[in-house]
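One structure is given below, encoded as structure tokens.
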There are 2 protein chains.
Amino acid sequence: MTPGAGRALDAASRLFYEHGIHAVGVDRIAAEAGVTKKTLYDRFGSKEQIVVEYLTGRDERWRALLDERLAAAPPAPAEHVLAVFDASRAWAEANGARGCSMINAHAEIDDPRHPAYAVITGQKAWMLELFTSLAREVLAPGEATASETADRLARTLMLLHEGALVAHGLGVFPDAFGLARDQARAVLDSYA
Amino acid sequence: MTPGAGRALDAASRLFYEHGIHAVGVDRIAAEAGVTKKTLYDRFGSKEQIVVEYLTGRDERWRALLDERLAAAPPAPAEHVLAVFDASRAWAEANGARGCSMINAHAEIDDPRHPAYAVITGQKAWMLELFTSLAREVLAPGEATASETADRLARTLMLLHEGALVAHGLGVFPDAFGLARDQARAVLDSYA
DNA sequence: CGAGAAGTATACCGATCTGTATAGTGAAGA
DNA sequence: TCTTCACTATACAGATCGGTATACTTCTCG
């Protein structure tokens with residue numbers, strides 16, 4: 001990534017997240033990045049591609065933070081589940097004043113053929129798979145066999161997590177991730 | 001509401017919900033409603049006002065459906081909580097292929113001073129208050145006294161509900177409202 | 001040295017954006 | 001009958017949209 005491209009993607013990411021994708025034009029991105037539109041189009045080819053790289057970049061940074069937190073968590077599977085909610089709280093404090101960028105982008109992108117659509121649904125599917133694998137370990141440590149119970153537990157954790165993302169983004173009540181974490185523990189206990 | 005205004009608001013509501021607010025221009029609204037732009041601006045004054053009435057209209061229809069379902073539910077307070085999730089499932093089947101219009105609109109409106117912002121946060125606050133009053137009745141039937149326990153239960157129900165809205169809108173897994181309803185029952189039982 | 005990559009500055013394109021203006025039509029009601 | 005209301009049709013304004021074109025500079029690297 002060239003310096004100009006980096007500045008452009010940084011500016012675009014901030015502007016897209018704060019104001020929405022359709023509300024931000026390429027002229028504004030170029031101006032705030034201190035870059036000309038020619039550089040933008042030489043590097044990215046289209047606004048659509050900038051959107052894709054914006055979402056991909058957030059996804060990668062989120063997964064990196066999560067991997068880090070999971071690696072540092074106590075080895076018990078249930079602790080890993082709680083670490084996901086802790087990671088989300090930390091992420092939201094640093095990058096999440098306006099909620100989940102994937103949920104927000106989904107509100108603006110109606111066409112499933114849009115290249116950014118796969119990034120959005122891909123992250124949600126990945127999160128569900130993560131919860132599913134954690135749920136399996138909680139229910140049957142050591143075994144990696146699928147079960148309807150694990151799927152159900154994983155989906156419940158996903159509900160709590162997505163709910164916390166929205167409650168936080170809309171400011172419905174304070175510390176949504178803390179409550180979701182507590183409820184996740186209660187759900188895990190109920191399965192034990 | 002004059003006939004032309006009604007057609008315009010219907011068209012705007014459908015287009016805003018399906019494609020997003022910024023992606024739909026007033027020319028398109030006018031064309032699909034079979035109305036001229038002059039009629040649009042004579043009746044509504046601005047696009048911003050059309051957005052406000054779009055969200056207000058959905059809010060009112062949702063509350064009407066919910067009131068109806070709550071009135072028809074068994075008298076036990078816990079049944080009323082479950083009826084909220086049932087109402088959401090019914091609403092989503094009829095009007096919710098792209099998720100919650102308030103969450104979606106929030107993704108596109110960054111300015112808290114935007115007149116639509118109050119409609120969005122107002123609906124979420126109202127839902128939290130509904131869950132809170134139901135939680136109080138569940139915990140202490142007949143009494144209307146506030147308690148931290150009731151607030152906590154209400155927020156947990158809110159988490160499950162918002163989570164189901166998102167999981168349904170993004171298509172993360174099938175029947176999110178059914179699962180949320182089952183989990184709500186489990187949470188209610190745990191408080192009993 | 002010379003080529004190529006990365007960048008700047010500026011102007012332009014056609015389309016679309018919200019919003020306004022002008023002129024006229026048809027119908028309902030005092 | 002005459003006014004008022006709701007509406008149509010069309011044209012336009014100024015700004016912004018995504019995207020392209022031309023010409024020049026600056027730096028690195030073989």
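These numbers come from the heavy atoms of this one structure, side chains and all, not from hydrogens, waters or symmetry mates. Predicted, not measured: the structure shown is a model, and the values here were computed from it. Lettering follows sequence order; numbering is per chain, from 1.
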Nucleotide D:dT16, atom P - distance to NZ of A:Lys47 in whole Å: 15 Å
Nearest-nucleotide pick for A:Pro3, side chain only, options being D:dA6, C:dG7, C:dT18: C:dG7
Distance (rounded to the nearest 0.5 Å) between A:Asp59 CG and A:Arg61 CZ: 10.0 Å
Atom pair distance, as rounded to whole Å: CZ in B:Phe44 and P in C:dG19: 13 Å
Phosphate contact (D:dG19 OP1 or OP2) by A:Ser46 side-chain N/O below 4.0 Å: no
Point-to-point distance, once rounded to the nearest 0.5 Å, from CG of A:Asp110 to CD of B:Glu18: 8.5 Å
B:Lys37 side-chain proximity, nearest of D:dT8, C:dT20, D:dA6: C:dT20
Atom pair distance, as rounded to whole Å: OH in A:Tyr41 and C1' in C:dG7: 17 Å
Whole angstrom value for the distance that separates C1' of D:dC17 from CD1 of A:Ile50: 14 Å
Shortest non-hydrogen contact between B:Val138 and B:Pro77, atoms and distance: CG2-CB, 3.6 Å
Side-chain donor/acceptor of B:Glu48 to backbone N/O of B:Pro115, under 3.5 Å: no
Side-chain (A:Tyr191) to main-chain (A:Leu139) donor-acceptor, under 3.5 angstrom: no
Whole-Å distance separating the CG atom of A:Leu40 from the C1' atom of D:dC17: 14 Å
Below 4.0 Å: OP1/OP2 of D:dT16 and any side-chain N or O of A:Arg28: no
Distance test, side-chain N/O of A:Arg7 to OP1/OP2 of C:dG7, below 4.0 Å: no
Touch class at under 4.0 angstrom, heavy-atom based, for A:Gly34 against every strand present: sugar-phosphate
Residue-phosphate contact under 4.0 Å: B:Thr2 side-chain N/O, D:dC7 OP1/OP2: yes
Length of the line joining B:Met1:CE and D:dC7:P, which is rounded to integer Å: 11 Å
Closest-nucleotide ordering on DNA chain D, the 5'-leading residue of A:Lys38 and A:Asp27: A:Asp27
Along DNA chain D (nearest heavy atom to each residue), the more 5'-positioned of A:Gly45 and A:Ala23: A:Ala23
Gap between atoms CD1 and P, on A:Ile21 and D:dC17 respectively (whole Å): 15 Å
Closest nucleotide among C:dA6, C:dT18, D:dA6 to the B:Arg43 side chain: D:dA6
